[in-house]
Number of protein chains: 2
Amino acid sequence: MTVIDQITAAIGQDRVLTGADAAPYGKDWTGAYTSTPLAVLRPANTAEVAAILKIANETKTPVVPASGRTGLTGATLAQDALMLSVERLNAISEINVEGRTATVGAGVILSNLHDAVEAHDLIFPLTLGARGSAMIGGLLSTNAGGSNVVRYGSTRGLCLGLEVVMADGRIMNLMSALHKDNSGLDLRNLIIGAEGTLGIITAAVLKLQPKPRAYATAMVAVSSLPDALTLLYKLKEATGDGVEAFEYMPRSYIAKHRQLFPDATGPFDTDYDVNIMIEVAATRAQDAITHPDGSLPVVSALEETLGAMLEDGTVLDAIIAQNEAQRREIWKRREDAGEVAFFGGVFVNTDVAVPLDKVAAFEQMLTPRIKAIDPDAEEVIIAHLGDGNIHHTSYISRNDPEAMKALVAAVEDVVQELGGSFSAEHGIGVSKLDTMKRRKDPVALDAMRAIKAALDPNNILNPGKVIPPA
Amino acid sequence: MTVIDQITAAIGQDRVLTGADAAPYGKDWTGAYTSTPLAVLRPANTAEVAAILKIANETKTPVVPASGRTGLTGATLAQDALMLSVERLNAISEINVEGRTATVGAGVILSNLHDAVEAHDLIFPLTLGARGSAMIGGLLSTNAGGSNVVRYGSTRGLCLGLEVVMADGRIMNLMSALHKDNSGLDLRNLIIGAEGTLGIITAAVLKLQPKPRAYATAMVAVSSLPDALTLLYKLKEATGDGVEAFEYMPRSYIAKHRQLFPDATGPFDTDYDVNIMIEVAATRAQDAITHPDGSLPVVSALEETLGAMLEDGTVLDAIIAQNEAQRREIWKRREDAGEVAFFGGVFVNTDVAVPLDKVAAFEQMLTPRIKAIDPDAEEVIIAHLGDGNIHHTSYISRNDPEAMKALVAAVEDVVQELGGSFSAEHGIGVSKLDTMKRRKDPVALDAMRAIKAALDPNNILNPGKVIPPA
């Protein structure tokens, strides 16, 4: 019997797609990676995932776990491998309002979870552009970020419990809803972000947060990046840590945005170097109650902080959204980032992180190196400034693979010199394997290899991803 | 050459204590564990730690890392082993005010770090009774908790970067100050809480927080535990997540406290079942500015929340500290917990966690089981209610090892039935090895064993701790 026959016998014909039925799974969101899996498996429960892995392990057949396939690093690329889609593990089995947790299958689509908890005046705070397709399994496996990490942390910080099927098909039950647990090695955080190389996440217990009552949204021009960091800290203080977005858009981003979207205006009559998009949430009831004079406290807190900094000259200009339409316009400029970073010509794009106070140094050190490689290169940055995460794009004059490689290396060199990371939120997949090999601490790499070999001795779980060979 | 001779040759005689010089290191805070190490090693830098481990690994000599030796589980017990004290790695090498991080050696005493950062209006929020002796290395290695986890998380959540010497003496450099980093497996969180079984932490980058401007402190009697959870959520909302302590003291605790401290009064004229000690911090400047009418906003927020719940009958009584002396009196009752839990007679004490909404069920399920074992047993609970962490003590009529074993099992049975953990914040060490073996998910245990064997193949790092043999 072939491995596919064995699996079909174990979990049923309707769970196994091959040929034309499997073809749609060969594509991911980026379009850069095309898979031709041996078969696409769609188990309907954890026991079926376990049965698949037991057979795969015995036959040493590679298995690539997949969920929404919206990742950017090729982590679900499946060649000569089974693709295991968790899409049917899509039950939200419990929303515990008192304990503020949700118990969900790995195939739950993020926006479905958003909708389900909102009915209880709660939120699952993780959000990103792909929320209508991305699933919990993939979000956990990549420790996904997004624009509100500054307030709520990455996915890792939002997960209390996990169910994981290990390489040999055994089920590891870490499905607790505990805020404190010191019972041995931290396997939960090891599995989160491992991109399916150590086990397949089948279910999770997630932390929920109270739904904010109101928002204040603004575009602000600041005189320098250090002043922007001061603004962030002042705003965090003034709002009781209510800053949900603090997005840096330098002059280059605003210009490129206007170029690509000719209808787009502003944000200001004058162009500034350092523009910040801010959103502050009012979680406190009293901050969301309009005063008799028409003011909303969450907006007043933002206004007062900005006012003081306008006076001392560190804030140059500011526009606060007065209604939902203006808020949407401010957000649209941010959400156009995909287009601004990917569709302005031939480009090289990176996802890096530096310490919070090193973003200015990053820019200053990088520009001359970019110009040395391609004097005509146009740099565009969008950054989650609140967590030091920079998306840097170089638009270059021609499709020159050598120059593109050199540009990536230039960005990564600067990041390394500043004590940063070459992968902030997108992960490694296959696209950053070479970088891992060259730039990650070699002792850490060896530790990863040892752990991988210990937990997946037959190397069947998403082989060839994340951890480069020695 | 003996192993001690080799190490002495490598790092110098003054780093190596034996005989009477080593004797003081044989004792820990609990007094329950007495070590007779082969020698006590006091390396002065990371390179010396590396040199020691290289020799220990080649000679297969066990090494027990130690810092303040204030743990409660015997994790630093050293028999037929070298004890490696990190006490000389005590430099605070950087306080980065802009980036809000501190770079510290593993031997920095917690209260020294508190003092050093306070000068910059920042805090390192982790705090606990042993702060004058406990060192960063041990706090990270045990993922220590404390009373303000409800606001700031356990130690794991306060650490951005680590330097670790691995079993073979190689130095793993994860010393970044990044808020986002998805570059491969999460080794940092794996090392944190591993109690020195996977590597020896020599330095760390820690996250700092702004120093609160003022506090509001209260004792509150609530009609039930579910109402206490409602109060917690309302207070978090009203104060912008400013709740720093939310400590449950049932009637039993108050009574035992009064019995042991005859001078202690209150907290109320009437005795209630559910008493909560609350401290709320004002991080927002405006909440710490006294109004013309004499009111302090952080106190007003607490008063208003309590007032509304007094009206609807869910809060029964409340006393808010009006000055520092009253605040200290409230805190003293909490800080007497060590005496209340350990010095009221023959006792069995546990450190467990349950989901936030299951503390009431824990009490209801446990009492009849305790009474069945010892009808005269007296239960005393003190709990970090905001994170579901319960310290349960049974005072029993006689020193009966069988009954004591049965009482521990009764507590752990209830915890397991409620989806909880038998170790919330103290870790495993040697004291909970049997429990680990019996109660931890067997697949998780096997994964821990595999990881341990992969990273420490000669089993030299704190052998016999945390992970029970198969």
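Chain A is the first sequence line, chain B the second, and so forth, proteins listed ahead of strands; every chain is numbered from 1. It should be emphasised that the depicted structure is a prediction, and the values quoted were computed from it without experimental measurement.
Here the closest heavy-atom approach between residue S176(B) and residue G419(A) is recorded as CB-O, 3.8 Å. Nearest heavy atom pair, residue A447(B) against residue M166(A), reads CB-CE, 4.3 Å. Looking at every heavy atom in both residues, K180(A) comes nearest to A353(B) through O-CB, 3.3 Å. Residues L455(B) and A450(A) approach most closely at CD2-CB, 4.1 Å, considering heavy atoms. Closest approach of Y233(B) and E98(A) over heavy atoms only: OH-O, 2.5 Å. The heavy-atom pair separating M172(A) from A444(B) by the smallest distance is SD-CA, 3.6 Å.
Using a 4.5 Å cut-off between heavy atoms, R156(B) contacts chain A through its side chain alone, with no backbone atom that close. In this structure, the portions of N189(B) lying under 4.5 Å from any heavy atom of chain A include both its backbone and its side chain. For chain B, the nearby parts of D181(A) are the backbone and the side chain; heavy atoms of each come within less than 4.5 Å. The contact between R213(B) and chain A is made entirely by side chain atoms (from C-beta outward), counting heavy-atom distances below 4.5 Å. For L185(B), the parts lying near chain A are the backbone and the side chain together; criterion is any non-hydrogen pair under 4.5 Å. Using a 4.5 Å cut-off between heavy atoms, N96(B) contacts chain A through its side chain alone, with no backbone atom that close. Heavy atoms of I428(B) lying under 4.5 Å from chain A belong to its backbone as well as its side chain. Contact of T239(B) with chain A is made through the backbone alone, with heavy-atom distances under 4.5 Å. No part of T435(B) comes within reach of chain A, as not one of its non-hydrogen atoms sits under 4.5 angstrom from that chain. Heavy-atom distances place both the backbone and the side chain of M448(A) under 4.5 Å from chain B.
The candidate with the highest count of non-hydrogen atom pairs below 4.5 Å against chain B, out of V150(A), L356(A), D351(A), V354(A), is L356(A). Your options are G161(A), G242(A), G145(A), G420(A), and the one with the most heavy-atom pairs under 4.5 Å with chain B is G420(A). Listed options A424(A), A454(A), A177(A) were ranked by heavy-atom pairs under 4.5 angstrom with chain B; first place goes to A424(A). Ranked by heavy-atom pairs under 4.5 Å with chain A, the list M436(B), K432(B), R170(B), R449(B) is led by R170(B). Contact count against chain A (heavy-atom pairs under 4.5 Å) is highest for L187(B) among L187(B), V466(B), L445(B). Looking only at heavy-atom pairs under 4.5 Å with chain B, the residue among G193(A), P355(A), A194(A), S154(A) that has the most is P355(A). With respect to chain B, the highest number of heavy-atom pairs below 4.5 Å among T101(A), T230(A), V149(A) belongs to V149(A). Between chain B and the options D387(A), L190(A), I451(A), heavy-atom pairs under 4.5 Å are most frequent for D387(A). Between chain A and the options I467(B), D446(B), L198(B), D441(B), the largest number of non-hydrogen pairs under 4.5 Å is found for D441(B).
There is a side-chain donor-acceptor pair under 3.5 Å between N182(A) and N143(B).
The CG atom of L178(A) sits 10.0 Å away from the CG atom of N389(B) when rounded to the nearest 0.5 Å.
Side-chain contact between H179(A) and H384(B): absent, with no pair of heavy atoms (C-beta onward) separated by less than 4.5 Å. Contact check for I171(B) versus V443(A): no side-chain heavy atoms found under the 4.5 Å cut-off.
Partners of K465(A) under the side-chain hydrogen bond (donor to acceptor under 3.5 Å, both in side chains) rule, at least two apart in sequence or in another chain, are N462(A). The ring pair (Phe, Tyr, Trp, His ring centres under 6.0 Å) check on H426(A) picks up H391(A), with sequence neighbours excluded.
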